[in-house]
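Reviewing the structure listed below.
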Amino acid sequence: MGAIVYLVYGDDERFHLELTFSMASALKFMKDDPAGIRIVLVCDEANARPDLGVEHIIISKDEIRSWQFEGQYNHAIKPHVVQHALHRLQEKVAFVDTDTFFIAHPKSMFDRIGKGRTLLCSEEATLAEDPEKKWIKTTETTSELLGRYPISLSTRMNNSGVIGIDPADAALLVDVIGVMRELRSIDSVFTAEQLAATI
């Protein structure tokens, strides 16, 4: 059916605690019905978890740095990891943040992912509703387009705690990375990765 993909790197033990809980919440449902779902951990060697009995994709410190725009934006790694996992696994991928947990069988998530049907975690506020007004400069600078995608203060952002995509739509990640890079060249907005994944 597809692969749940997690990412852990660095030296923060909290992410391992979150990972263990998130996986346990998924496996609770998959115990009696695996539904053809794999669990894959993308990590550097130091963060491998053989105790969890899941598949691993090991990435190097150089890859991590490159995918973070040479260390300038940590969250830039997420769409790169999704792109890498799609290429390696050649099946539907649901990238799940370690602090996201399951309250239903993961197969319901994969049922919503298909060619032309990508999935993000949840809808958030419009850019205009951002209390810190971080997006005003960005929207004024972009002339209403980021790459080929429209943007305005009425654009509604989605949370990227889950990014679900079919291999048929892998090319969209090139756009996500390009838009994210353009956003970061305008301003160092923390949620550039979420907006790039949304539009």
Side-chain angles (χ1 to χ4, degrees), residues 5-10 12 14-15 18 22 42 44 59 61-87 92-101 109 112-199:
V5 173
Y6 292 101
L7 167 68
V8 178
Y9 64 96
D12 191 333
R14 175 184 45 142
F15 297 126
E18 291 175 350
S22 181
V42 178
D44 54 3
I59 55 176
K61 294 189 184 306
D62 287 343
E63 284 174 312
I64 292 170
R65 183 170 176 78
S66 171
W67 291 347
Q68 291 177 325
F69 297 161
E70 299 305 321
Q72 297 302 305
Y73 180 44
N74 287 351
H75 291 300
I77 195 172
K78 286 173 63 172
H80 286 96
V81 166
V82 176
Q83 186 179 53
H84 188 66
L86 275 175
H87 176 72
K92 294 179 185 178
V93 163
F95 178 95
V96 178
D97 278 347
T98 55
D99 65 355
T100 300
F101 59 91
M109 174 177 65
R112 297 172 62 188
I113 301 167
K115 183 178 180 180
R117 292 182 291 119
T118 56
L119 177 71
L120 288 170
C121 185
S122 59
E123 193 172 72
E124 296 189 345
T126 66
L127 301 186
E129 293 166 332
D130 173 25
E132 296 176 28
K133 306 299 180 193
K134 301 180 293 247
W135 290 103
I136 292 174
K137 176 183 175 185
T138 303
T139 53
E140 287 174 347
T141 306
T142 58
S143 302
E144 300 181 356
L145 282 178
L146 277 170
R148 55 191 174 98
Y149 299 96
I151 181 176
S152 70
L153 287 175
S154 64
T155 299
R156 188 171 294 278
M157 188 168 4
N158 291 317
N159 185 287
S160 63
V162 173
I163 302 173
I165 188 166
D166 188 277
D169 295 316
L172 290 175
L173 290 161
V174 175
D175 286 353
V176 171
I177 292 165
V179 167
M180 186 171 53
R181 190 178 294 279
E182 185 175 345
L183 282 167
R184 292 289 293 187
S185 73
I186 296 166
D187 197 0
S188 57
V189 181
F190 179 72
T191 49
E193 168 264 326
Q194 287 199 157
L195 182 60
T198 298
I199 60 174

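The first residue in the sequence is number 1, and the count goes up from there.
Side-chain atoms of Thr118 never come within 3.5 Å of backbone atoms of Gly164 as a donor-acceptor pair (strictly under, hydrogens ignored). Side-chain atoms of His75 do not come within 3.5 Å of backbone N or O of Glu193 as any donor-acceptor pair.
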For this session: Could you please spell out the steps behind the side-chain contact (heavy atoms from CB on, under 4.5 Å) verdict for Ser122 and Asn158?
Result: CA-CA 6 Å; Ser122 59; Asn158 291 317; over 6 Å; no

For this session: Please report the C-alpha distance between Tyr6 and Val42 in whole Å, then the side-chain angles of each, then the deciding distance to 0.1 Å, and finally whether the side-chain contact (heavy atoms from CB on, under 4.5 Å) criterion is met.
Result: CA-CA 6 Å; Tyr6 292 101; Val42 178; over 6 Å; no

For this session: Check the pair Ile64, Ile59 against side-chain contact (heavy atoms from CB on, under 4.5 Å), reporting the backbone distance first and the verdict last.
Result: CA-CA 7 Å; Ile64 292 170; Ile59 55 176; 3.7 Å; yes

Exercise. After noting the C-alpha distance and the side-chain angles of Val162 and Met109, does the key distance pass the side-chain contact (heavy atoms from CB on, under 4.5 Å) rule?
Worked result: CA-CA 10 Å; Val162 173; Met109 174 177 65; 3.8 Å; yes

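Counting heavy atoms from C-beta outward, Leu119 and Ile165 have side chains that stay 4.5 Å or more apart. The shortest side-chain heavy-atom distance between Gln83 and Val176 does not fall under the 4.5 Å cut-off. The shortest distance between side-chain heavy atoms of Gln68 and Tyr9 falls below 4.5 Å.
Here the shortest heavy-atom pairing between Ile199 and Pro150 reads CG2-O, 4.4 Å. A pairwise comparison of heavy atoms in Ile113 and Ala94 identifies CD1-CB, 4.3 Å as the closest pair. Considering all non-hydrogen atoms of both residues, Cys121 and Gly161 come closest at CB-N, 3.7 Å.
When only modelled atom types and interatomic distance are considered, Asn159 and Glu124 share a side-chain donor-acceptor pair under 3.5 Å. Between the side chains of Ser66 and Glu63, not a single donor N or O lies within less than 3.5 Å of an accepting N or O.
Between the CD atom of Glu129 and the CH2 atom of Trp135 there is a distance of 14.5 Å, given to the nearest 0.5 Å. To the nearest 0.5 angstrom, Ser188 atom OG is 10.5 Å from Lys134 atom NZ. Residue Asn74 holds its CG atom at 8.5 Å from CZ of Phe190, rounded to the nearest 0.5 Å. With values rounded to the nearest 0.5 angstrom, Glu123 atom CD is found 5.0 Å from Arg156 atom CZ. Note: Thr126 OG1 to Met157 CE = 9.0 Å, rounded to the nearest 0.5 Å. One finds the CG atom of Leu183 at 9.5 Å from the CG atom of Asp187 (value rounded to the nearest 0.5 Å).
None of Thr155, Asp175, Thr198, Leu195 except one satisfies the side-chain contact (heavy atoms from CB on, under 4.5 Å) rule with Tyr149; the exception is Asp175. Under the side-chain contact (heavy atoms from CB on, under 4.5 Å) test applied with Leu127, the options Val189, Ile136, Thr139 reduce to a single match, Thr139.
A salt bridge does not link Asp99 to Arg14: none of the charged nitrogens lies less than 4.0 Å from a carboxylate oxygen. Look at Asp169 and Lys115 and you find no salt bridge, because none of the NZ, NE, NH1 or NH2 atoms lies under 4.0 Å from a carboxylate O. With salt bridges taken as basic N to acidic carboxylate O contacts below 4.0 Å, one links Lys78 and Asp97.
Note on ring orientation: taking the six-membered ring where Trp is involved, the planes of Phe69 and Tyr73 are tilted (angle from 30° to 60°).
In terms of the side chain to side chain donor-acceptor pair (under 3.5 Å) criterion, residue partners of Thr98 (sequence neighbours excluded) are, by chain and number, Glu18. The side chain to side chain donor-acceptor pair (under 3.5 Å) search around Ser154 returns Ser152, not counting sequence neighbours.
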